[in-house]
**Q** 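Handing you this structure, nothing more for now.
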Protein chains: 2
Amino acid sequence: MSSSSSKLHLAVIGVGGVGTCFLSQLSFLPARLRPNVIFVSRSSKQLYNSSYTPVNASDLQSSSSKLLSIPDELVGYLSSAPGKVILVDNTSSQDVANAYPAFLRKGISVVTPNKKAFSGSLQLWNDIFSAVDSSQEKALVYHESSVGAGLPVISTLKDLVATGDQVTRIEGVFSGTMSFLFNSFAPADGSGKGKWSEIVTQAKEAGYTEPDPRDDLNGMDVARKLTILARLAGLQVQGPDAFPVQSLIPQELESAKSSGEFMAQLPNFDAEMESYKDNAAREGKVVRYVGSVDVGAGKVKVGLEMVDKGTPIASLRGSDNLICFYTKRYGSNPLVIQGAGAGGEVTAMGVTADLIKVVERLT
Amino acid sequence: MSSSSSKLHLAVIGVGGVGTCFLSQLSFLPARLRPNVIFVSRSSKQLYNSSYTPVNASDLQSSSSKLLSIPDELVGYLSSAPGKVILVDNTSSQDVANAYPAFLRKGISVVTPNKKAFSGSLQLWNDIFSAVDSSQEKALVYHESSVGAGLPVISTLKDLVATGDQVTRIEGVFSGTMSFLFNSFAPADGSGKGKWSEIVTQAKEAGYTEPDPRDDLNGMDVARKLTILARLAGLQVQGPDAFPVQSLIPQELESAKSSGEFMAQLPNFDAEMESYKDNAAREGKVVRYVGSVDVGAGKVKVGLEMVDKGTPIASLRGSDNLICFYTKRYGSNPLVIQGAGAGGEVTAMGVTADLIKVVERLT
């Protein structure tokens with residue numbers, strides 16, 4: 001079995017946080033599951049050679065390889081390799097995502113945590129999967145870590161659909177940052193660790209938010225994940241701006257010029273968040289930032305909801321994600337997956353596990 | 001791609017509860033994922049023909065096919081088929097399980113929810129996986145539904161291990177029956193729906209237990225699942241009787257001659273279960289039937305535990321299973337999978353999803 005897999009080649013775009021963890025996990029795979037790395041790139045550096053011999057990612061920084069354009073020249077280089085090629089895209093680049101159909105049409109499989117490809121335009125989604133279906137050679141696309149990092153979310157949803165279950169509803173907490181903010185601001189036990197702006201400040205300082213917390217608070221990261229899940233469940237969602245997404249950036253602060261100005265003004269809006277919390281408490285509930293797909297009604301939404309205490313969503317801790325699949329077979333009690341949904345190692349785990357599945361299918 | 005998969009053949013042993021659901025799910029798969037069924041059997045009936053043309057399971061009852069011995073004659077018949085063969089074993093038969101190495105050595109892949117093969121002797125486990133590794137042709141074995149039915153338990157554990165995570169501890173509620181009994185007997189909200197023997201009687205009448213509830217209460221079903229998970233996590237567990245398993249059959253009732261006699265005597269032992277419940281309550285906890293694998297210490301155990309309220313295990317509802325994977329990458333908050341862990345449709349879903357993966361790897 002190892003003889004045929006030794007002909008597999010690997011191209012890795014992006015060796016930042018996730019990419020570094022991925023390369024480390026890759027190095028520990030047994031030889032029969034580990035393709036030869038023939039291309040590595042990071043921002044304005046690329047490392048490869050014309051004889052397709054393995055490269056060492058640690059030589060990337062000092063590489064003087066001529067930059068190949070993406071997709072045209074890179075597709076040309078990879079499709080001439082002596083064997084099948086798998087592209088691992090560890091970036092969050094829309095440009096690289098837009099190139100997936102070009103890679104796939106040439107028989108190059110794609111493994112990625114990049115949400116942009118699957119949550120952008122419906123046209124791109126259709127182009128990607130029609131390239132997979134029409135590829136003369138077997139070209140596969142796997143993207144487990146595009147939702148919930150290494151948690152088995154995408155694979156489980158695909159199994160439910162493929163085996164003929166009817167997914168009626170998907171609901172959960174899809175952002176580690178939002179999870180941390182609301183589990184701290186309005187925990188189910190009624191305590192609470194401060195005003196909303198204080199919680200956001202603490203989370204930012206502890207590294208739980210993006211460098212600019214507005215990139216979390218606008219809800220777009222969650223909207224992208226819901227777009228992916230809704231499409232896998234069969235809905236023709238045009239994109240993450242095609243359904244209601246509640247931004248937690250106060251309207252008055254949308255024009256704030258910097259992250260610093262935004263954070264300085266945020267305390268002026270604590271009363272609004274406090275009233276959400278109090279309204280929920282009066283009904284014996286807690287406020288959470290929830291995403292949901294109602295498959296039957298064809299409706300997707302993302303925003304604040306009042307959630308019953310005692311439910312899995314209300315009981316979440318730390319920065320865990322939680323995804324509930326309600327289906328015909330599972331009845332009133334959903335299939336639930338819970339755990340860390342962000343972080344370099346667990347995101348890379350989803351990528352590495354996908355890579356193993358692709359290698360197993362190609363060899 | 002459909003041309004090569006049309007050469008795949010399928011043999012199905014067992015068309016009872018799970019098997020019937022499986023055949024139904026199979027019939028809805030797209031043609032490229034649906035192998036030709038060339039053999040179906042159920043207790044003392046078999047249906048096949050010497051030309052390997054597809055058979056119709058509904059003709060099984062009236063079949064007059066000469067019975068093939070398992071494994072010898074069946075292995076001979078299947079290994080002469082014009083193409084690769086996948087065997088789906090929907091029984092819980094130890095005899096069929098014992099034959100897996102013989103099928104695998106002949107290049108016949110195995111997909112099954114049958115726990116017996118993976119939780120029996122360590123020798124059988126080793127024979128199965130060395131047959132997979134040494135098979136000249138690609139013979140695969142998938143058994144997702146052997147733990148937690150269709151829940152993604154086996155696949156997740158295998159992904160964690162394969163990508164190099166260190167699984168330190170596995171813990172959970174692995175029996176739908178035990179879950180229902182304790183969620184009713186000692187719910188986290190302090191209510192409780194009666195004495196232990198009353199709860200067992202209600203569960204039996206509602207069909208939540210085996211026809212003889214002792215088959216659930218002896219803990220062996222849970223012990224078998226823990227054996228499988230412990231082995232996948234790397235422990236050399238000799239079998240389900242090689243570690244402590246607490247039976248909930250009172251010692252004095254072990255010799256009860258019938259299920260009826262057992263149920264009639266059970267109320268005499270309610271005080272014992274009540275004291276477990278009260279002891280837990282005094283510490284602000286609830287009693288649950290828990291299985292755990294401590295990978296570092298190499299210890300597996302199954303039995304009653306006092307569990308903190310507010311934890312996922314204490315908050316379980318209905319007859320749900322819950323499995324927590326504690327790993328190095330996931331840190332203090334485990335990766336958790338929860339949902340129905342028994343039932344024909346969800347068990348068959350795990351089998352069908354495995355079949356799809358095997359078809360995808362063989363074509």
Side-chain angles (χ1 to χ4, degrees), chain A residues 1 21 24-30 33 133 135 138 140 144 150-152 155-156 158-160 162-165 188-189 310-312 315 317-320 322 324-325 327-340 343 345-346 348-357 360-361 363, chain B residues 1 21 24-30 33 133 135 138 140 144 150-152 155-156 158-160 162-165 188-189 310-312 315 317-320 322 324-325 327-340 343 345-346 348-357 360-361 363:
Chain A
M1 291 160 83
C21 293
S24 167
Q25 293 179 17
L26 178 71
S27 70
F28 286 101
L29 292 186
L33 296 175
D133 291 339
S135 171
K138 199 163 156 186
L140 307 169
E144 183 62 73
L151 298 176
S155 52
T156 298
K158 289 180 86 165
D159 282 351
L160 289 166
T163 61
D165 202 355
D189 67 6
T311 58
S315 312
R317 295 173 181 200
S319 58
D320 275 3
L322 184 142
C324 301
F325 294 109
T327 82
K328 187 174 175 211
R329 285 184 198 140
Y330 278 90
S332 56
N333 282 10
L335 190 170
V336 181
I337 294 164
Q338 181 180 337
E345 285 288 355
V346 296
M349 173 209 154
V351 177
T352 307
D354 276 354
L355 175 69
I356 292 172
K357 292 178 180 82
E360 287 175 339
R361 287 185 62 180
T363 53
Chain B
M1 290 162 83
C21 293
S24 166
Q25 293 179 17
L26 179 71
S27 70
F28 287 101
L29 293 185
L33 296 175
D133 290 340
S135 170
K138 199 162 156 187
L140 308 169
E144 183 62 74
L151 298 175
S155 52
T156 299
K158 289 179 85 165
D159 282 352
L160 289 166
T163 61
D165 201 355
D189 66 6
T311 59
S315 312
R317 295 173 180 199
S319 58
D320 275 3
L322 184 142
C324 301
F325 294 108
T327 83
K328 187 174 176 211
R329 286 184 197 140
Y330 278 89
S332 56
N333 282 10
L335 190 169
V336 181
I337 294 164
Q338 179 180 340
E345 284 289 354
V346 295
M349 173 210 154
V351 176
T352 307
D354 276 353
L355 175 69
I356 291 172
K357 292 178 180 83
E360 287 176 339
R361 287 185 62 181
T363 53

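Every chain is numbered from 1, with letters handed out A, B, ... down the list of sequences. The basis for the numbers below is simple: all heavy atoms, side chains too, and nothing from hydrogens, waters or symmetry mates.
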**Q** Could you grab the distance from atom OG of Ser155(A) to atom NZ of Lys357(B), nearest 0.5 Å is fine?
**A**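 Reported to 0.5 Å precision, the distance equals 7.0 Å.
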**Q** Under a 4.5 Å cutoff for heavy-atom pairs, which residue among Leu355(B), Ile356(B), Leu151(B) has the most contacts with chain A?
**A**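 Ranked by heavy-atom pairs under 4.5 Å with chain A, first place is Leu151(B).
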**Q** May I ask you to test the Val336(A)-Val336(B) pair for a side-chain heavy-atom distance under 4.5 Å?
**A**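 Answer no - side chains too far apart.
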**Q** Out of Val346(B), Thr352(B), Leu29(B), Val351(B), which one pairs with Thr163(A) under the side-chain contact (heavy atoms from CB on, under 4.5 Å) rule?
**A**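 It is Thr352(B), the one option of Val346(B), Thr352(B), Leu29(B), Val351(B) that forms the side-chain contact (heavy atoms from CB on, under 4.5 Å) with Thr163(A).
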**Q** From Met349(A) CE over to Asp159(B) CG, what is the distance, rounded to the nearest 0.5 angstrom?
**A**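 Going from the CE atom of Met349(A) to the CG atom of Asp159(B) covers 5.0 Å.
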**Q** Would you give the length of the straight line joining atom CG of Asp320(A) to atom CG of Leu335(B), rounded to the nearest 0.5 angstrom?
**A**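 Output value for this atom pair is 9.0 Å.
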**Q** For Leu26(A), is it the side chain, the backbone, both, or neither that has a heavy atom closer than 4.5 Å to a heavy atom of chain B?
**A**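 It is neither, since no heavy atom gets under 4.5 Å.
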**Q** Just so I understand: if I count every heavy-atom pair under 4.5 Å between each of Asn333(B), Thr156(B), Asp189(B) and chain A, which residue has the most?
**A**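 That would be Asn333(B).
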**Q** Let's test your reading of the structure: which of Ala188(B), Ala340(B), Gly331(B), Gly150(B) forms the most heavy-atom pairs below 4.5 Å with chain A?
**A**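 Ranked by contacts with chain A, first place is Ala340(B).
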**Q** Using salt bridge (charged side-chain N to carboxylate O under 4.0 Å, His left out) as the criterion, list what pairs up with Glu345(B), not counting sequence neighbours.
**A**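 Testing Glu345(B) for salt bridge (charged side-chain N to carboxylate O under 4.0 Å, His left out), a comparison that skips the adjacent residues, returns Arg329(A).
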**Q** Which one, Pro152(A), Pro30(A), Cys324(A), Gly339(A), leads in non-hydrogen pairs under 4.5 Å with chain B?
**A**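 Greatest number of close heavy-atom pairs with chain B: Pro152(A).
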